[in-house]
Amino acid sequence: MNVVRKTEALRTRGRVGLVPTMGAFHEGHLSLMRAARAECDTVVVSLFVNPAQFGERDDLERYPRDEERDARLAAEAGVDILFAPTAQEMYPDGFATWVDVDEDGGEAAARPGHFRGVATVCLKLFNIVRPDVAYFGQKDAQQAAVLRRMVRDLNLGVQLRVLPTVRDADGLALSSRNAYLSARERETALALPRALEAGRTAADPVAATRAALNGLEPEYVEILTLGDATVLAAAARVGSTRLIDNVLLEGAIA
Ligand code: PAF
């Protein structure tokens, strides 16, 4: 596997699959890489902790970083190229062009500017890597829907594949941020997937989720219409760690 830092050094062939990431790989990332490996001739994984999608209250400085471990895991998953650009490569001096995203509710309301940063970096990655297919996880279902709409609105011609959330045996959705949780906080965090599961089959999913959160104070619990899918989504802080999760109520995200 090649580690590439400069846009002009990228060489791909055939059907190209891109897995955009911010590193700190877990089984969720690896499942996307394996899917790309099975479906594409060249698999590119981007590793860039994108400052533009972090707000003031967010955890940019402490976001987990371990490129050596990530490179080893990506190579084991059969990735051809790890594209790990510098901040200067992605946002050169004088950078002034952004993708403006109209989106309400959920992460858009809780993290103003977040999807502008995500859409901008993904558009750049799509332009740099020129993938045929890009792979995302359902845990970030709203992000996937925003990006799918961007692809349509801006005629980008990239196929987006959204694969199921990977969970630990106890139901907690895998996230790079889980690394921040103490053992006790991890126990508390389990209320999030359990409450969403309770809400999924209830007559009033939002009320049932809130009632089952076991004292965990949510930032939001909302039903979101994301393209052809309706999801029940929630975010909550456990200690200083912000977690999000969602379950499908109707339709399909794929
Ligand atoms: O989901 C993520 O890890 C990030 O939002 C992404 C898509 C890599 C953009 O920085």
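Start at 1 and go down the list; that is how both ligands and their atoms are numbered. Everything quoted here is computed from the prediction, not taken from an experiment.
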Identified salt bridge (charged side-chain N to carboxylate O under 4.0 Å, His left out) counterpart of D59 within the set R177, R111, R65: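 That would be R177; it is the only one of R177, R111, R65 passing the salt bridge (charged side-chain N to carboxylate O under 4.0 Å, His left out) with D59.
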Just need the protein heavy atom nearest to atom 1 (O) of ligand 1, so name the residue and atom and give the distance.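 Here the nearest protein heavy atom works out to Q143 NE2, 2.9 Å.
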Atom 10 (O) of ligand 1: which protein heavy atom is closest, and how many Å away?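 It is Q53 OE1, 2.6 Å.
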[X]: numbered ligand 1 atoms lying under 4.0 Å from its heavy atoms:
{"X": "T21", "value": "8 (C)"}
{"X": "V121", "value": "9 (C), 10 (O)"}
{"X": "P20", "value": "8 (C)"}

Co-membership, hydrophobic cluster, residues V45 and M90, 4.5 Å side-chain: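 Not linked; separate clusters.
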Given 3.5 Å as the limit, does a donor-acceptor pair link the side chain of S31 with the main chain of G28, or not?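 Side chain of S31 to backbone of G28, a donor-acceptor pair under 3.5 Å: yes, one is there.
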Under 6.0 Å between ring centres: does that hold for F48 and F83?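 So the answer is no for these two rings.
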Does a side-chain heavy-atom distance below 4.5 Å link V16 with C40?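 Answer no - side chains too far apart.
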